[in-house]
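Notes to accompany the following structure.
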Amino acid sequence: MKNSGTKLVIAGLALLVISCNNKAEKQQENNQDSLQTEIPDDKQPDNNSGTFDINSVPVSDKELGEFPFFSLPKGVEEQNKAIKRSFDMLFFPINGVMTPIEGKVWKSYIVVAEESEESWSLPYFLKSYDEAITSIGGVKIFDGKVASEELERVKEQATYFGEEGSLDYWNDPVRTYLIRRANGDDIYIQIAGNSASGQLQILQKAPLKQTITLLKSDQIQKDLKDKGKAVLHINFDTDKATLKADGKEAVAEIAKALTADKTMKIAINGYTDNTGDATHNLDLSKKRAKTVETELEKSGIDSKRLVSEGFGQSNPIAENNSEEGKAQNRRVELVKK
């Protein structure tokens, strides 16, 4: 009987332990579930799935004031003079893809103000802009790190990397915001930072206001006579040696100038900007110069008066770190012989 009683006691204790363990496991599951439901879905942006649809972003009709729209948070300042350009191209990470966007640009490094008694706080910097941007209808469309292979893909085109206000994509997570406007002048903002400073870039979409005008034949003739050289910005199809319609008009003006002075001989020198591979750019510049030479011959200019050569991205006449500068460097120079 003693053995039978002992066995009953042991069995009862075993059931009690199993019951307690089940309750503990159930309680742990409930705690985990309650913790998970406390994280709002809108705080977990899906950076890399699907295709970004700008139409999914609501239009903001808030009054914004003058570009770049935002003051700096209290206690911080620009480390150096901010870069401001009326037209440029910047890459913004959208769904993890570095996407080129053109327009008006402002960018700067941000540090603690000299007169401030406080140290740099990255959370303060990021949260200040997050609240300011979302309060006027801005939406965060990316939050995370950009893949290194994606940075490798665009680095040759992103010639501005490393200048004032550049983001350290290789080491720091980036937040990208979009303020969508009814007129299409959408505003893109990207912000990042580290334990010592922050970086801020603001771009408002805008078309290039063309400042290059077509040189007429009399001006070409005058430049060749007075300077020995005439610089023309002849429009070709992108990455090709075929002339656009206004490019053909420019060549027609060269033909008029050479017809007016039948003794003049010229060299036609082609140049590109520094976008892409240098070897490809050299070949492209040669082909474009040859296209101009061929078109002039079709216009009746004696081939003995013409010679063409390409020099690729060498000898730039402007900085290649902005779209305006690149447009200046994509040119054809006529040199009197």
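The basis for the numbers below is simple: all heavy atoms, side chains too, and nothing from hydrogens, waters or symmetry mates. What you see is a predicted model, and the numbers here were worked out from it, not measured in a lab.
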**Asked** Which atom names give the shortest non-hydrogen contact between Ser56 and Asp53, and what distance separates them?
**Response** OG-O, 2.5 Å
Show every donor-acceptor pair shorter than 3.5 Å between a side-chain atom in residues 248-258 and any protein atom, with sequence neighbours excluded, or say none if there are none.
| unit_1 | atom_1 | unit_2 | atom_2 | d |
| --- | --- | --- | --- | --- |
| Glu253 | OE1 | Ser217 | N | 2.8 |
| Glu253 | OE2 | Lys256 | NZ | 3.3 |

**His280/Thr272 under side-chain contact (heavy atoms from CB on, under 4.5 Å): CA gap, chis, key distance, verdict** = CA-CA 10 Å; His280 172 74; Thr272 68; over 6 Å; no
**Sub-4.5 Å side-chain heavy-atom contact between Ile189 and Leu200** = yes
**Prompt:** Is any side-chain heavy atom of Val139 less than 4.5 Å from a side-chain heavy atom of Thr134?
**Reply:** no
**Message:** What verdict does the side-chain contact (heavy atoms from CB on, under 4.5 Å) test give for Lys155 and Tyr169, after you've listed the backbone C-alpha separation in whole Å, the side-chain angles of each residue and the deciding distance to 0.1 Å?
**Reply:** CA-CA 11 Å; Lys155 69 178 184 180; Tyr169 296 106; over 6 Å; no
**Prompt:** Can Leu126 be reached from Ile133 by stepping across I, L, V, M, F, W or Y side chains whose heavy atoms are under 4.5 Å apart?
**Reply:** yes
**Which atom of Glu77 lies closest to which atom of Glu115, heavy atoms considered** = OE1-OE1, 4.4 Å
**Message:** Once rounded to the nearest 0.5 Å, what's the spacing between atom CD1 of Ile136 and atom CD of Glu63?
**Reply:** 10.5 Å
**Item:** Side chain Asn329, main chain Ala318, donor-acceptor under 3.5 Å
**Value:** yes
**Asked** Considering the options Leu203, Ile54, Ile101, Val57, which one meets the side-chain contact (heavy atoms from CB on, under 4.5 Å) requirement together with Asp186?
**Response** Ile54
**Request:** Give the intermediate values and the outcome of side-chain contact (heavy atoms from CB on, under 4.5 Å) for residues Leu122 and Asn194.
**Result:** CA-CA 6 Å; Leu122 181 59; Asn194 50 43; 5.6 Å; no
**Item:** N/O donor-acceptor pair under 3.5 Å between Asp185 side chain and Gln204 backbone
**Value:** no
**Fill in**
Rounded to the nearest 0.5 Å, the NZ atom of Lys244 sits from the OG1 atom of Thr238 at a distance of 5.5 Å
**Asked** Are the side chain of Arg305 and the backbone of Met264 linked by a donor-acceptor contact shorter than 3.5 Å?
**Response** yes
**Request:** Measure from the side-chain N and O atoms of Ser166 to the backbone N and O of Tyr160, and report whether any donor-acceptor pair falls under 3.5 Å.
**Result:** yes
**Request:** Please find out if less than 6.0 Å separates the ring center of Phe69 from that of Trp106.
**Result:** no
**Asked** Can you check whether Phe91 reaches Gln157 side chain to side chain, under 4.5 Å on heavy atoms?
**Response** yes
**Request:** Taking the side chain as every heavy atom from C-beta outward, state whether Ile83 and Asp88 have any pair of such atoms under 4.5 Å apart.
**Result:** no
**Message:** Looking at Lys287 and Asp283, is there a salt bridge between them, counting it only when a charged N and a carboxylate O are closer than 4.0 Å?
**Reply:** yes
**Request:** Considering non-hydrogen atoms only, spot the tightest contact between Tyr271 and Ser314 and give its length.
**Result:** CD2-O, 3.4 Å
**Asked** If you measure from the Lys or Arg side-chain nitrogens to the Asp or Glu carboxylate oxygens, is any gap between Lys286 and Glu309 under 4.0 Å?
**Response** yes
**Message:** Could you tell me if the side chain of Lys107 sits less than 4.5 Å from the side chain of Glu163, heavy atoms only?
**Reply:** yes
**Asked** For residues Glu324 and Ser86, is any side-chain donor paired with an opposing acceptor at under 3.5 Å?
**Response** yes
**Prompt:** Does the Arg175 side chain pair with the main chain of Ala192, one donor and one acceptor, at a distance under 3.5 Å?
**Reply:** no
**Item:** Minimum heavy-atom distance between Ser197 and Val111, given as atom pair plus value
**Value:** CB-CG1, 3.8 Å
**Item:** Stepwise side-chain contact (heavy atoms from CB on, under 4.5 Å) test for Gln199 and Ile191
**Value:** CA-CA 6 Å; Gln199 306 98 44; Ile191 184 170; over 6 Å; no
**Message:** For the CZ atom of Arg85 and the CG atom of Leu90, what is their distance to the nearest 0.5 Å?
**Reply:** 8.5 Å
**Item:** For Val146 against Leu151, the heavy-atom pair lying closest together
**Value:** CG1-CD2, 3.8 Å
**Prompt:** Shared ILVMFWY cluster between Ile110 and Phe67, side chains joined below 4.5 angstrom?
**Reply:** yes
**Asked** Minimum heavy-atom separation for Gly312 to Ser285, with atom names?
**Response** N-OG, 2.8 Å
**Message:** Determine whether a donor-acceptor pair (N or O, by modelled atom type, separation under 3.5 Å) exists between the side chain of Thr291 and the backbone of Ala241.
**Reply:** yes
**Asked** Any chain of hydrophobic side-chain contacts (each under 4.5 Å) joining Phe70 to Leu72?
**Response** yes
**Request:** Return yes when atom CD of Glu297 has more than 12 non-hydrogen atoms of other residues, nucleotides or ligands closer than 6.0 Å, and no otherwise.
**Result:** yes
**Message:** A side-chain contact here means heavy atoms from C-beta on lying under 4.5 Å apart; do Asp273 and Thr159 qualify?
**Reply:** no
**Request:** Calculate, to the nearest 0.5 Å, the distance between atoms NZ and OH belonging to Lys140 and Tyr129 respectively.
**Result:** 16.0 Å
**Item:** Test item: Ser299 side-chain N/O and Ile301 main-chain N/O as donor-acceptor pair under 3.5 Å
**Value:** no
**Request:** Only counting residues at least two apart or in another chain, list the ones meeting ring-ring contact (aromatic ring centres under 6.0 Å, His included) with Phe92.
**Result:** Tyr188
**Message:** Regarding Glu149 and Arg153, does a basic nitrogen lie under 4.0 Å from an acidic carboxylate oxygen?
**Reply:** no
**Message:** If hydrophobic clusters are built by linking Ile, Leu, Val, Met, Phe, Trp and Tyr wherever their side-chain heavy atoms come under 4.5 Å apart, do Val174 and Val154 end up in the same one?
**Reply:** yes
**Asked** Out of curiosity, Gln221 CD to Leu215 CG, how far, rounded to the nearest 0.5 Å?
**Response** 13.0 Å
**Request:** Report yes if the side chains of Phe52 and Phe142 come closer than 4.5 Å at any heavy-atom pair, otherwise no.
**Result:** no
**Asked** Distance-only, no hydrogens or angles: does the Thr99 side chain make a donor-acceptor pair with backbone N or O of Val97 under 3.5 Å?
**Response** yes
**Prompt:** Checking side-chain hydrogen bond (donor to acceptor under 3.5 Å, both in side chains) for the pair Arg180/Asn55: CA distance, chi angles, key distance, verdict?
**Reply:** CA-CA 9 Å; Arg180 191 173 168 217; Asn55 294 315; 3.2 Å; yes
**Item:** CG-NZ distance between Leu296 and Lys298, expressed to the nearest 0.5 angstrom
**Value:** 11.0 Å
**Request:** Treat each ILVMFWY residue as a node, draw an edge where side-chain heavy atoms are under 4.5 Å apart, and state whether Met89 and Ile202 are in one component.
**Result:** no
**Request:** Verify, without hydrogens or angle tests, whether Arg288 (side chain) and Val332 (backbone) share a donor-acceptor contact under 3.5 angstrom.
**Result:** no
**Prompt:** Do other residues, nucleotides or ligands put more than 12 heavy atoms under 6.0 Å from Glu117 CD?
**Reply:** no
**Asked** How are the rings of Trp170 and Phe161 set to each other: parallel, tilted or perpendicular (split at 30° and 60°)?
**Response** perpendicular
**Message:** If you define the side chain from C-beta out and look only at heavy atoms, does anything of Ile187 sit under 4.5 Å from Tyr177?
**Reply:** no
**Asked** Taking the side chain from Glu150 and the backbone from Met98, do they hold a donor-acceptor pair closer than 3.5 Å?
**Response** yes
